[in-house]
Amino acid sequence: MEEYGRASNFIEEFIDEDLRSGRFDRVKTRFPPEPNGFLHIGHVKALCIDFGIAEKYSGSCNLRFDDTNPTKEDTVFVEGIQKDIEWLGFHWDKLYFASDFFEKLYEIACLLIEKGVAYVDDQTSEEMRLNRGTLKTPGVNSPYRDRSVEENLDLFRRMRAGEFPDGSRVLRAKIDMASPNMLMRDPTLYRILRHHHHKTGDKWCIYPMYDFQHPLQDAIEGITHSLCSLEYEIHRPLYDWMVAQAAFAHPPRQIEFARLNITRTVMSKRHLRRLVEEGYVSGWDDPRMPTLVAMRRRGYTPEAIKDFLARVGVAKADSTVDGALLEACVREAMGSEAPRAMAVLNPLKVTLTNWPEGRVDELTMENHPDHPELGERTVRFSKVCYIEREDFMENPPGKFFRLAPGREVRLKGAYIIKCEAVVKDASGEIVELSCSVDLNSRSGEEGANRKVKGTLHWVGEADARPAEVRLYEPILLDEYEAAEALDPEAEEVEETASNAADFINRLNPNSLTVMPDALVEPAIAEAPVGARFQFLRMGYFCKDPDSSEGKPVYNRIVPLKDTWAKVARN
RNA sequence: UGGGGCGUCGCCAAGCGGUUAAGGCACAAGACUUUGACUCUUGUACGCGUAGGUUCAAAUCCUACCGCCCCAGCCA
């Protein structure tokens, strides 16, 4: 490895430096989730960095489950996480569990006791909290801080043996109760905790803490660069202390980066759990969730997600990425891939008054305008068809060039029609349009070669299959909407800030819109679950597992850009 | 008011003493169009949190302010 290429971010600069200086002669990273929930897109940033850097430097990346708190962990999550990582297309080198190393970690703890840098503390957690001091005042030493090595060893052994009740004692590092860094004020290394562990069962009743386990585990695995998010920056002195005390020959280097935030997206595991448990969503895989299970179900592709993270970049500044960037990545990934087809989400019946009775045309439609290799399909056109309700306006504004009374419009791949009459029901609602059709304007024929401003998607009566379509918006309101929702009277956004503190108050009531009466062409109805299409003019959609034989269900992954919607709004 | 970080276009983000301060998203205008999509073209920081200073030259170095984030779990 003489040439490392161009560093594309500050982490790679550090690594280049380490390789040049000889601090390391290879690169080994790790992705260390706690199996206490499903992975979300925030984790994908770490995944892309951990695996991406390993790959760039011809190194490797381990998958390690930091399963040191059995009260929160479960095998369904370890399985789910592995599946998600595989789905994204990342390949780990070794698969480890922190729990595989409990014995080894116990030995190191004993070593620290023998060195006189760890002790058993009998204080209650309350006493410990009080004696820790505050951000501005130093803490005071525990009365148990100066126990003999022998006594500490004996006590720690008996902690493991189960002689003491939960919470009665802890093992602590002996560092500095006056340190300005709170984490260095004799951090807890082990606690007594009787709880069934998903891997080790009831073998252990003491469990190591993150600040003890994580750095040592990195060192044991031979990790060179331990990449984590910014909130661990303050843990770094402790990380280094731990590895130094255990006397590892090649201490890993911890480097921190800013975690991912996306506008109007819930990104905290705690909050996501609450959405699930309190029923605001249907589950971890509700397509509105930012979890990978949910994004997969909604129809996002690994390519789009990884491209998004690549475009977001890596730096140390706290940031919130515009959700529009993710949408742009999805559209780009899908644009040349997804076959096109027609679906009418909110149908309006159109009857062609001059269409010959009983005539049915079979029309050939391309599956993709730029990729003929994706083939063609046949759709049927007859006297009755359905168009999108929003494509007709009785009193259209200036720049509207869809259908309106007396106006002509082209039906994609079919004929040009003209609206002759509007049929309404007793309540005045429009129920049907009577249109004339230019029988010489069939696509591909000479009569079709005239300028018509609007082109609409449609579904013919002969082909129309019922479907349910689900539309999504961000799960959170934007700042302005949230302020309005909480207090329409408020003058300033700031005034409602405290009410907005609970994210539940900022949930978007329109995050899910169900279109129960959509009509789709057969290609869409018959596609397998997971199939993706561009519904012409409506967006990209993916068939949901909720689909049944007679009723396909589609999720809108992302809408198409809609210039008209913008014009109409102003 | 202790300590650790961070502040470059609406949102991300390059930049590492000498460049007209990259690029993407968003936005705007135009071309093309049987998807108001796609594609294409064009435009968008005389400015780099603020104020001073060093230098022939500063977003890059120094000083002082200002703002934001993290830390007082027997969570990770």
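Per chain, numbering begins at 1; letters A, B, ... match sequence-line order.
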* **Phosphate contact (rC74(B) OP1 or OP2) by R172(A) side-chain N/O below 4.0 Å** => no
* To do: Could you tell me the separation between the CD1 atom of I175(A) and the C1' atom of rC71(B), rounded to a whole number of Å?
  => 15 Å
* Asked: With respect to the phosphate group of rC27(B), does any side-chain polar atom (N or O) of K566(A) fall under 4.0 Å of OP1 or OP2?
  -> yes
* According to a strict under-4.0 Å criterion, is T68(A) in side-chain N/O contact with OP1 or OP2 of rA76(B)? -> yes
* Look at all strands and tell whether E13(A) reaches a base, only sugar-phosphate, or nothing, counting heavy atoms closer than 4.0 Å. => base
* Pair listing, salt bridge (charged side-chain N to carboxylate O under 4.0 Å, His left out) test, anchored in residues 312-331 of chain A, at least two apart -> E233(A)-K316(A), E327(A)-R331(A)
* Distance only, no hydrogens: is a donor on one side chain within 3.5 Å (strictly under) of an acceptor on the other, for E390(A) and N346(A)? -> no
* To do: Classify the nucleic acid contact of E73(A) as base, sugar-phosphate or nothing, counting any heavy atom under 4.0 Å across all strands shown.
  => nothing
* Asked: Going by distance alone, is a donor N or O of one side chain under 3.5 Å from an acceptor N or O of the other, for H371(A) and R340(A)?
  -> no
* Asked: Of E332(A) and K399(A), whose nearest nucleotide on RNA chain B comes first from the 5' end?
  -> E332(A)
* To do: Please evaluate the base of rG23(B) for a donor-acceptor partner in the side chain of R311(A) within a cut-off of under 3.5 Å?
  => no
* To do: Could you check whether T320(A) gets within reach of a base, just the sugar-phosphate, or nothing at all, counting any heavy atom under 4.0 Å?
  => sugar-phosphate
* **Chi-based syn or anti call at rG17(B), which uses purine or pyrimidine torsion atoms and a 90° bound** => anti
* Asked: Under 4.0 Å between a side-chain N/O of R132(A) and OP1 or OP2 of rG73(B), yes or no?
  -> yes
* Looking for any heavy atom pair under 4.0 Å, which part of the strands does R340(A) touch: base, sugar-phosphate only, or nothing? -> base
* Asked: Looking only at side-chain N and O atoms, does R402(A) come under 4.0 Å of OP1 or OP2 in rU34(B)?
  -> no
* Structure fact -> Exactly one candidate in T75(A), D74(A), D67(A) meets side-chain hydrogen bond (donor to acceptor under 3.5 Å, both in side chains) with H198(A); the answer is D67(A)
* Asked: Between Y210(A) and rA76(B), do the rings stack, that is, sit under 5.5 Å apart with planes less than 30° off each other?
  -> no
* Pick the C1' atom in rG7(B) and in rC12(B), then give their distance to the nearest Å. => 14 Å
* Asked: Is Y190(A) touching bases, backbone alone, or none of the nucleic acid, heavy atoms closer than 4.0 Å?
  -> nothing
* Taking the six-membered ring where the residue is Trp, are the ring centres of F533(A) and F541(A) under 6.0 Å apart? -> no
* **Sugar-phosphate only, base, or nothing, as touched by V567(A) at under 4.0 Å among non-hydrogen atoms** => nothing
* Asked: Hey, is CZ on R259(A) packed in by over 12 heavy atoms from elsewhere, all under 6.0 Å?
  -> no
* Asked: What is the nucleic acid contact for T563(A), judged by heavy atoms within less than 4.0 Å: base, sugar-phosphate only, or nothing?
  -> sugar-phosphate
* **Donor + acceptor pair across side chains of D186(A), Y119(A) (<3.5 Å)** => yes
* CG of D122(A) versus C1' of rC74(B): gap in Å, rounded? -> 13 Å
* Asked: Between Y540(A) and F535(A), does the ring centroid distance fall short of 6.0 Å?
  -> no
* **Residue whose nearest RNA chain B nucleotide is more 5′ - D322(A) or M538(A)** => D322(A)
* Given rU35(B), is OP1 or OP2 found less than 4.0 Å from the side-chain N or O atoms of K561(A)? -> no
* To do: Would you check if the distance from the ring center of Y232(A) to the ring center of Y210(A) is below 6.0 Å?
  => yes
* Spell out yes or no: do the side chain of H235(A) and the base of rA76(B) have one donor N/O and one acceptor N/O closer than 3.5 Å? => yes
* Mark yes or no for a side-chain to base donor-acceptor pair under 3.5 Å between K136(A) and rU1(B), with no hydrogen or angle criteria applied. => yes
* To do: Give one of base, sugar-phosphate or nothing for Q534(A), where a contact means two heavy atoms less than 4.0 Å apart.
  => base
* Looking at residues 439-455 of chain A, who's got a heavy atom less than 4.0 Å off RNA chain B? -> S443(A), G444(A), A448(A), K451(A), T455(A)
* To do: Give one of base, sugar-phosphate or nothing for V321(A), where a contact means two heavy atoms less than 4.0 Å apart.
  => sugar-phosphate
* With a 4.0 Å cut-off on heavy atoms, is Y415(A) in touch with a base, just the backbone sugar-phosphate, or nothing at all? -> nothing
* Base rC71(B) paired with E231(A) side chain (donor-acceptor, <3.5 Å) -> no
